[in-house]
Amino acid sequence: TGTSYTYAVTFYKADGVTIDDTAVSVWTISPTITGVTSTPNGNSIKISVENNDDLVGSTFVLSVTASNGLYNTATYNVEVI
């Protein structure tokens, strides 16, 4: 079946305390890897990896930003283990 992991983001207003509930997440994965799928759900994304030994060691960059353009893009380097 494979495995999956969920990543989440929280956008804060300039004061660093107040959560910006109006920000809409835009998720990207680069490069696209056959056998790795994503299911965005608002401010979270579920990444699923097929049960395939050939995928072990594969890497991709998961990025998220807000559609309103008010936030910098956050990136996370992911390796299939």
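None of the values given here were measured: they were computed from a predicted structure.
- Rounding to the nearest 0.5 angstrom, the gap separating the OH atom in Tyr5 from the OG atom in Ser48 is 13.5 Å.
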Scan the side chains in residues 12-19 for donor-acceptor partners under 3.5 Å anywhere in the protein, sequence neighbours excluded, and list what turns up.
from, atom 1, to, atom 2, distance (Å)
Asp15, OD1, Val17, N, 2.8
Asp15, OD1, Thr18, N, 2.8
Asp15, OD2, Thr18, OG1, 2.7

For residues 74-81, dump all side-chain donor-acceptor pairs below 3.5 Å to protein atoms at least two apart in sequence or in another chain.
none

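- Thr37 OG1 to Glu50 CD: the interatomic distance, rounded to the nearest 0.5 Å, is 7.5 Å.
- In terms of the side-chain contact (heavy atoms from CB on, under 4.5 Å) criterion, residue partners of Thr22 (sequence neighbours excluded) are, by chain and number, Asp20.
- Counting only residues at least two apart or on different chains, no ring-ring contact (aromatic ring centres under 6.0 Å, His included) pair has a member in residues 16-54.
- Taking all atoms of both residues into account, the shortest heavy-atom contact from Ser38 to Ile45 is CB-CD1, 3.7 Å.
- In this view, Ser44 and Thr6, Ala8, Asn41 satisfy the side-chain contact (heavy atoms from CB on, under 4.5 Å) rule, not counting sequence neighbours.
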Solution key, residues 52-65 side-chain donor-acceptor pairs under 3.5 Å, sequence neighbours excluded:
from, atom 1, to, atom 2, distance (Å)
Asn52, OD1, Asp54, N, 2.8
Ser58, OG, Leu55, O, 2.8
Thr65, OG1, Tyr71, O, 3.2

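- Between Ile47 and Val36, some side-chain heavy-atom pair lies under the 4.5 Å cut-off.
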